[in-house]
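Shown next, in structure tokens, is the structure this report addresses.
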Amino acid sequence: MTASTPPNPAWWPAPSPQPLMVVGPNPAMDRLEVIGQLEPGAVHRVRTVAARAGGKSFIVARSIRALGPDVELFGFLGGAAGQLAREECATLGMGDRHTPIAADTRITPVIVEAKTGISTVFNEPGPALTGEEQEQFWNAIDDAVVADRITVCTGSLPPDLGSDTYARIVSLANSRGGFSAVDASGKVLRSTLSSHPWLVKCNRSEFESVLGDDSTHDDDAIRARMRSLIAAGTGIVIVTMGAQSFLVATADGVWSVSVPVVPVVNATGSGDTFLAAFIAQVKLGASFAEALRAAAAGGAFNAAHLEPGLVPGAELESLAAQVHFSAVTVDHAVVQVSRA
């Protein structure tokens, strides 16, 4: 290990027989449609259509399962789309711990331009939930979170769930000696940070939203805020930058990590695949540096393919070999987070 390679953090999971746990309260049925070029107001002919269970939780869980580890999903499923999602869980050997609901699971159209690789996504808000359905969900979470188990919280929340949902799960995991990883944005992210998860992963725009104002922040401000979160009790903070190098912070320092260069076909889900590859490698006993390399490779693999997520046998080694680390010097000035 070189001086620029990040060491394993002190707060690092021990081997556990428990399946990985993915909590995504707002899954969807993704409908992927490929066109030549998107023109508002025009009539388009669709070249390719693909539909499968989606939302961030399914992309994460499916990718984890493709790499080998067992995984269970928690959230809400209802209607025909929900039934198709349950069937996909069974087909892929993923534990289906979703709470059944009366309302229909949302459908997410994803329009991909064949010419540019640019994706346009239409996210529905999610289904209505009854009080009884919410109680059943929380009972399932309470039963499942145990010592040493890794719980991944990812994606948006249905309108009826409070923005503190992930914060509650993080606090529960911390109180029981578990590990929580969170990929969120906006009010949900701000609420979660106060509970000090083991891992926070978000993109730059999501992270800038917690810095306290609406201006664009330079890299120094982002790195300083990452370090302040570590000092407050979060274990690992990762901020991705699309096709550019991403930043990672632990109590040992801050690193810039390069990203493999690939031809972009559809970047939708790259952040989810990034997180999945990282968590899967942690579960398989990899080092922190190895897991970061796998994460970068997973995100790049996703961007180079039409359908989001990893598949069994996905070639990641050659992509991981392109990943390099650079230690970053951080100004000790601390950027305060807005609690509004």
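Keep in mind that the numbers below use all heavy atoms, side chains included, and drop hydrogens, waters and symmetry copies.
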So, [X] side chain and [Y] main chain: donor-acceptor pair closer than 3.5 Å or not?
{"X": "R190", "Y": "S209", "result": "yes"}
{"X": "R86", "Y": "D96", "result": "no"}
{"X": "W11", "Y": "W198", "result": "no"}
{"X": "D160", "Y": "L129", "result": "yes"}
{"X": "T105", "Y": "A28", "result": "no"}
{"X": "Y166", "Y": "G155", "result": "yes"}
{"X": "R227", "Y": "V254", "result": "no"}
{"X": "D164", "Y": "A167", "result": "no"}
{"X": "D30", "Y": "V110", "result": "no"}
{"X": "R106", "Y": "N26", "result": "yes"}

In the hydrophobic clustering (ILVMFWY, side-chain contacts below 4.5 Å, transitive), which residues join [X], or is it alone?
{"X": "L77", "value": "none"}
{"X": "I118", "value": "none"}
{"X": "L67", "value": "V262, F301, L310, V311, L316, L319"}

Compare all side-chain heavy atoms of [X] with those of [Y] and state whether any distance is below 4.5 angstrom.
{"X": "P19", "Y": "V71", "result": "no"}
{"X": "S180", "Y": "I169", "result": "no"}
{"X": "R204", "Y": "D219", "result": "yes"}
{"X": "D148", "Y": "P13", "result": "no"}
{"X": "L229", "Y": "F207", "result": "yes"}

Minimum-distance pair of heavy atoms, taken over all atoms of [X] and [Y]:
{"X": "A297", "Y": "A320", "answer": "CB-N, 3.6 Å"}
{"X": "P159", "Y": "G126", "answer": "CD-O, 3.8 Å"}
{"X": "V323", "Y": "A296", "answer": "CG2-CB, 3.6 Å"}
{"X": "P158", "Y": "P127", "answer": "CB-O, 3.7 Å"}
{"X": "C202", "Y": "D183", "answer": "CA-OD1, 4.2 Å"}
{"X": "P6", "Y": "A289", "answer": "O-CB, 3.9 Å"}

List the steps and the verdict of side-chain contact (heavy atoms from CB on, under 4.5 Å) for C89 and L73.
CA-CA 9 Å; C89 285; L73 290 96; 4.2 Å; yes
Which is it for T154 and V22 under the side-chain contact (heavy atoms from CB on, under 4.5 Å) test, yes or no, and what are the steps along the way?
CA-CA 7 Å; T154 183; V22 176; 4.2 Å; yes
In the single-linkage hydrophobic clustering (I, L, V, M, F, W, Y; side-chain heavy atoms under 4.5 Å), do [X] and [Y] co-cluster?
{"X": "V188", "Y": "V200", "value": "no"}
{"X": "V145", "Y": "L20", "value": "no"}
{"X": "F288", "Y": "V257", "value": "yes"}
{"X": "M94", "Y": "I59", "value": "no"}
{"X": "F179", "Y": "W12", "value": "yes"}

Show every side chain to side chain donor-acceptor pair (under 3.5 Å) that has at least one partner inside residues 45-55, sequence neighbours left out.
R52-E88
Answer yes or no: does atom CD of E317 have more than 12 heavy-atom neighbours from other residues, nucleotides or ligands under 6.0 Å?
no
Do other residues, nucleotides or ligands put more than 12 heavy atoms under 6.0 Å from the CD atom of Q244?
no
Taken in chain and number order and not counting sequence neighbours, the residues that satisfy side-chain hydrogen bond (donor to acceptor under 3.5 Å, both in side chains) with S245 are none
Excluding sequence neighbours, so at least two apart, what forms side-chain hydrogen bond (donor to acceptor under 3.5 Å, both in side chains) with E33?
R31
Under the ring-ring contact (aromatic ring centres under 6.0 Å, His included) rule, collect the residues that match up with F278, sequence neighbours excluded.
none
Would you please name every residue forming a ring-ring contact (aromatic ring centres under 6.0 Å, His included) with F325, sequence neighbours left out?
none
Atom pair [atom1] ([X]) and [atom2] ([Y]), whose distance is rounded to the nearest 0.5 Å:
{"X": "M29", "Y": "T108", "atom1": "CE", "atom2": "OG1", "answer": "10.0 Å"}
{"X": "S258", "Y": "L292", "atom1": "OG", "atom2": "CG", "answer": "11.0 Å"}
{"X": "Q37", "Y": "E113", "atom1": "CD", "atom2": "CD", "answer": "5.0 Å"}
{"X": "H324", "Y": "R293", "atom1": "NE2", "atom2": "CZ", "answer": "8.5 Å"}
{"X": "S185", "Y": "E208", "atom1": "OG", "atom2": "CD", "answer": "13.5 Å"}
{"X": "T120", "Y": "L38", "atom1": "OG1", "atom2": "CG", "answer": "5.0 Å"}

Can you list, pair by pair, the side-chain donor-acceptor contacts under 3.5 Å of residues 279-286, counting residues two or more places apart and other chains?
| unit_1 | atom_1 | unit_2 | atom_2 | d |
| --- | --- | --- | --- | --- |
| K283 | NZ | S16 | O | 2.5 |
| K283 | NZ | Q18 | O | 2.6 |

List the steps, then state whether side-chain contact (heavy atoms from CB on, under 4.5 Å) holds for W255 with V328.
CA-CA 5 Å; W255 290 264; V328 177; 5.6 Å; no
If a pair satisfies ring pair (Phe, Tyr, Trp, His ring centres under 6.0 Å) and one of its residues is in residues 117-147, list it, with sequence neighbours excluded.
F76-F137
According to the ring pair (Phe, Tyr, Trp, His ring centres under 6.0 Å) rule, which pairs have a member within residues 42-74, sequence neighbours left out?
F58-H98
Judged by modelled atom types alone, do S171 and R168 share a side-chain donor-acceptor pair under 3.5 Å?
no
Any chance you could lay out the side-chain contact (heavy atoms from CB on, under 4.5 Å) test for I222 and L247, step after step, and finish with the verdict?
CA-CA 9 Å; I222 290 175; L247 294 172; 4.1 Å; yes
Without placing hydrogens or testing angles, list every side-chain donor-acceptor pair under 3.5 Å for residues 265-275, not counting sequence neighbours.
| unit_1 | atom_1 | unit_2 | atom_2 | d |
| --- | --- | --- | --- | --- |
| N266 | OD1 | S119 | OG | 2.4 |
| N266 | OD1 | T268 | N | 3.2 |
| N266 | OD1 | T268 | OG1 | 3.1 |
| N266 | ND2 | L306 | O | 2.8 |
| T268 | OG1 | S119 | OG | 3.1 |
| S270 | OG | A267 | O | 2.9 |
| S270 | OG | G299 | O | 3.3 |
| S270 | OG | N302 | ND2 | 3.0 |
| D272 | OD1 | K56 | NZ | 2.5 |
| T273 | OG1 | G269 | O | 2.9 |
| T273 | OG1 | N302 | OD1 | 3.1 |

Got a salt bridge between E307 and R62, using NZ or NE/NH1/NH2 to carboxylate O under 4.0 Å?
no
